[in-house]
Structures are given as C-alpha cells and as structure tokens.
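Reading through the structure tokens given below for one structure.
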Amino acid sequence: MNNVRVRFAPSPTGPLHIGGVRTALYNYLFAKKHNGTFILRIEDTDQTRYVANAEQYIVNAMEWCGIQFDEAPGKNEKFGPYRQSERKDIYKKYADELIKKGHAYYAFDTAEELDVERNKAEKNKTPFIYNHTTRQNLNNSISLSEEEVAKKITAGDKYVIRFKMYDKCFENEILTAKDLIRNEVSFKLFLLDDKVLFKSDGMPTYHLANIVDDHLMKISHVIRGEEWLPSLPLHLSLYNALDWNIPKFAHLPLILKPVGKGKLSKRDGDKLGFPVFPLEYTNKKDGKTSTGYREEGYLPEAFINMLALLGWNPGTEQEIFTLKELTDEFSLERVNKSGAKFSPEKTNWFNQQYLQAKDNKEVAKLFVKILEEKGIKSNPTYIQTVVGLVKERAVFIKDLWSLSDFFFISPTKHDTKASKKQWKQETGSLMQEVINVLKPIEDFSSENIEIILKEWITTKEIGYGKVMQPLRLSLVGALKGPNLFDIASMIGKETSIKRIENAINILK
Ligand code: GLU
C-alpha cells in the first residue's frame, strides 16, 4: 500500500478514555505496518468543551504507551498547523464554495425560532428535523430571496451555514459505502438532517473541519470509533460535493462494559475498581482525581498488548505480542465488527505475564523506587536476588513489597492465627535449640543450612513441621514466603538468630 497517512484526531475535552488510546494504537499499527505516517491532529474547534490541560495529557499518555507520532503539533507539521483552532481561516473558503455550488446555504434562524418549530412538531408527535421537508419554510437562503439574504448579511445578522443534505427529488435514495471493517454500510439519506458546517461564532463545526483537514493533510485512511459511523453519509456527501477523493474508512467496534450491556464508562471503572484512563487525571472543575493505568502499576507494554487484542484478533492462539510483533501482524480485516468486552482480570493477567517475562535486574530497578519510598536502602544485587525469589507470585511491581518485606525489615508482629496454631508450649525451647544449631554454622548458604537443620531434625526425631513452621513465623512473621533456607541465608545468621530470639520473647 502506498502513501498511507492516518491520523488520531482527539478533541481536547478531558482525559483520554482507553477507547481513545485503542483508536490511536490501531492507527499507529496500521501506519507502521504499511510504512506510512501517523499524525496527531488536535480537533479543538468546540471552544465550549475545550479543556486546557487535555492536549498535554494526550501527548503524555501516548508517550507512556510508547506510541510515537510522525507528525503532530510542533513536530514535522508538513500540512500544518495541526491544531484546528490555528487553522480557523482555512475552513470558511470551503463553506463558501459549497454555497456557491448549491450544496450549502445560509440559515438565519434564531434559537427561539427553532424552539417554536420544535414545540410545533412535538404537538404533532413528530421530531423536528431541519431538512428537505422543512427548509423551505425556515429562515434561510433557500426560502428568502437573494436580496433579502444580502441585506441580512450586510446588516450583520447572525447566520450559520448548513449542508443541503438531500433534495426531495431523490426520494428513497440510499447511500452505500464501504467500510474496511463492516464491508457495506447503507444510509437512507432522506432521513438525515441539514447539519451545520459553519457556526455563527466564525468557527467550523467538527464535520467541516474534519473533512477539510483529512483532505488537506492527505489522509488515506480514516480509522476511528464506531460512534462516528452515523456521520459517514454526511462526510461522504461533503467529499462528493467538493469533488475530492474519498479516503478509505474503518469504524472500530465499541469497548463494552465487563458486566451488563453497553459502552465501557468511567462509572464502570469506579464501581468495579479499575482505571479507564491511561494516566491519572485531575478534573480542574471539581478537583476530582481519577487514577490511571500508569499509577496503578501496569506496565505500558502489557496495557498496549491488552488493548490491541480488545477488538482485533491475530487468527491464532498467540496472546503475547511486542509492539513490533503487533505492527507486523495487524490488519483491519481482523478487527471484529461487534463490540469487545473489557476484562479487568484479563488486563491483570497481561500485566503478570509481562512482569514474569522481565528479567530480575529490570524488575529490581522498578522495585527500588517502591523501596526508596519506604525509606529502605539495600544493595542492588540483594534486591535482585529477592526479586528472583518472590517474583512469580506478583501481578504488579507493588505486590513485591508484601511478598518480600521480611527480606528488608524484621517482623514486629506475628500472625495471630498462625501463632496460636504453631507456637506450642514447648516451641520456645525448641527454637532456642535451633539457635544453637545455627550459631556454629560457618557457611551460611541456603544448601548448608538445609542439610544441617534437616539432619538435626532427623536425629531429634521430631516432626519437620514442628520446627519449620515456628521458624518461618519467627523469620517472616507469617506463614508465607519462599524457601525458608533461602530466606535465612539471605538475611544472614545474625539477623536470623535475632528474629528467633525476638519471637521466643514475644510468643511465650
Ligand atoms: N474529534 C473526533 C473525536 O474526538 C475525531 C473523530 C474522527 O476521527 O473523525 O473523536
């Protein structure tokens, strides 16, 4: 495929939902697969919904995910600027061209006038639609004479420019279009309304700005969320009216709630306890902070892998993909038509897989940050060995702490239930004997401790558990953790003995 140019075109109205991240990801994968160009365009023409920090949030989120733009605001703006608010002057010309060609018209109707129409229609139990059935009777350049229109415009009357969606003479006309995911989609044009293209505040609407920019930026494929499918007939009609080449379209399926029906929302995340945003976000209006995948400790590679498979399937059983592998495998033909159910459990599973696959040194580097927050300094090799001993039980880096805290700090209390069960009357003196066994050991390696302790237990003819469980309680504070001889060896002879003495004192 030649000259693939795709764009991610978010509106900076708040944090990016994971659905938006997936749209960006699929655009990126498609571009990279075809040696194409991936573009970020900021669609900020709706000033009423504009949120100042949202653009930076989008950029930061993409950076965390490892998805790079080839062209973006401030980067290779070949057909720039790439922020629509900075392109204001470009759009009017095309609205005028559409008027000249008879595909669009001025509409002077005030909000009050339109309300009157709405009320009238409501009384007749029909919705009010500004279209081929009503436009002749409304206040616009179709119903008014040329002189009247000119007079209004010179007088500075406010107007919008509407697209003449459909003319009555084509009754029953159906527009059929090809979507790369859904194949053929058809729309009944006569049911559609005359959408506003240009607003009275001098700004284009999304529809006009979107198709003008896709055209001027030479976008070859429009890959976007399913919620834009209803806009497709308008967009195609606009391309036709302007005599422009039409890009290929692909509308991605929705991401659905884990339970119940419908689109995954922030509320689902709040209710079930998982983030729906890539990064933490604070709403400036109400000061409320929503957590993000980054802050919850997900690895970006795992997050991206999970999103890639949420709506796309490789056609094989393979689930774990690097970004490079995804790029090689991705195709729009393998994107599902129906919605994809989000699964928080599966997301955790991906994180666990990536954490297990990471080498201990790398994991240790991430774990150091958590240790530092807890005020713990330890040497890198020690941390790395600890990671190697406990990593297999961790889903998140942060889990490593509860799995390994006893490698860094002595227990201050001992699990009550376990103590009751394992610490008997005679246990104190038995543990004193264990101290005496440990004391003379010179080579305090795990293997050596194991041989010596086991030998002693055998000659003493006591149950293995009778020694090992209270010993674990003493060293760890609970009946958890990896191999006990490994633990003893790691914390060293002196600390091991101190912890046993401590337990004897506390649990007697
Ligand atoms: N600005 C639109 C959005 O935020 C983009 C739609 C499109 O990609 O055409 O979803």
Side-chain angles (χ1 to χ4, degrees), residues 6-29 38 40-44 46 48-67 69 72 181 206 210 222-231 250-286 288-298 300 302-312 335-336 338-344 346-348 350-351:
V6 295
R7 83 308 191 264
F8 177 49
S11 300
T13 54
L16 196 58
H17 182 275
I18 56 171
V21 182
R22 191 196 56 175
T23 301
L25 174 65
Y26 285 11
N27 272 283
Y28 169 86
L29 295 176
F38 176 48
L40 172 66
R41 182 175 75 221
I42 298 295
E43 300 209 324
D44 55 352
D46 189 349
T48 57
R49 296 179 62 219
Y50 180 77
V51 173
N53 55 353
E55 181 181 327
Q56 193 55 50
Y57 179 94
I58 292 163
V59 170
N60 294 347
M62 290 296 123
E63 206 175 279
W64 179 68
C65 292
I67 300 176
F69 295 106
I181 295 167
Y206 153 73
N210 187 270
V222 173
I223 305 168
R224 62 184 175 189
E226 182 182 286
E227 63 273 27
W228 298 104
L229 193 58
S231 300
H251 289 88
L252 306 174
L254 293 176
I255 296 182
L256 305 172
K257 297 175 187 302
V259 278
K261 280 197 183 122
K263 197 173 151 182
L264 174 73
S265 71
K266 185 175 151 339
R267 225 174 310 137
D268 300 312
D270 292 344
K271 210 163 65 188
L272 298 169
F274 61 84
V276 294
F277 302 131
L279 315 180
E280 184 176 275
Y281 182 81
T282 303
N283 186 329
K284 287 230 165 103
K285 272 193 204 136
D286 58 13
K288 278 198 184 131
T289 296
S290 304
T291 185
Y293 278 86
R294 181 179 65 185
E295 288 69 22
E296 290 302 311
Y298 289 84
F303 175 64
I304 283 299
N305 195 155
M306 176 279 292
L307 275 184
L309 286 165
L310 203 56
W312 168 80
V335 173
N336 310 332
S338 49
K341 228 180 204 347
F342 176 78
S343 162
K346 190 75 192 188
T347 309
N348 290 355
F350 274 108
N351 207 64

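- Counted by atom type alone, T48 and D46 present one or more donor-acceptor pairs between their side chains at under 3.5 Å.
- Residues K266 and S290 are in side-chain contact: their nearest non-hydrogen atoms beyond the backbone lie under 4.5 Å apart.
- Scanning all heavy atoms of the two residues, the minimum distance from A61 to P278 falls at CB-CG, 3.7 Å.
- Using a 4.5 Å cut-off on side-chain heavy atoms (C-beta onward), H251 and R224 make contact.
- Between M62 and V21 the shortest side-chain heavy-atom distance falls below 4.5 Å.
- Nearest heavy-atom pair across G19 and H17 is N-ND1, 2.9 Å.
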### Task
Could you check L264 against I255 for side-chain contact (heavy atoms from CB on, under 4.5 Å), going step by step and ending with a plain yes or no?
CA-CA 6 Å; L264 174 73; I255 296 182; 3.9 Å; yes
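- A cation-pi arrangement is present between R22 and Y26, with the terminal nitrogen or guanidinium carbon under 6.0 Å from the aromatic centre and inside a 45° cone about the axis.
- Counting heavy-atom neighbours within 6.0 Å of K341 NZ, excluding the residue itself, gives a total above 12.
- Across all non-hydrogen atoms, the minimal contact from A340 to G311 is CB-N, 3.7 Å.
- Inter-residue side-chain proximity for I304 and I67 is flagged as met; some heavy-atom pair is nearer than 4.5 Å.
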### Message
For L272 and V259: C-alpha separation, side-chain torsions, deciding distance, then whether side-chain contact (heavy atoms from CB on, under 4.5 Å) applies.
### Response
CA-CA 10 Å; L272 298 169; V259 278; 4.1 Å; yes
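- Although no hydrogens or angles enter the test, the distance criterion places a donor-acceptor pair under 3.5 Å between the side chain of E295 and the main chain of E280.
- The closest side-chain donor-acceptor pair between E296 and T291 falls under 3.5 angstrom.
- Note: Y281 and Y57 have perpendicular aromatic rings, judged against thresholds of 30 and 60 degrees for the angle between ring planes.
- Judged purely by atom type and a 3.5 angstrom limit, T282 has no side-chain atom pairing as donor or acceptor with the backbone of K284.
- By the 30° and 60° cut-offs, the orientation of the rings of Y28 relative to F38 is perpendicular.
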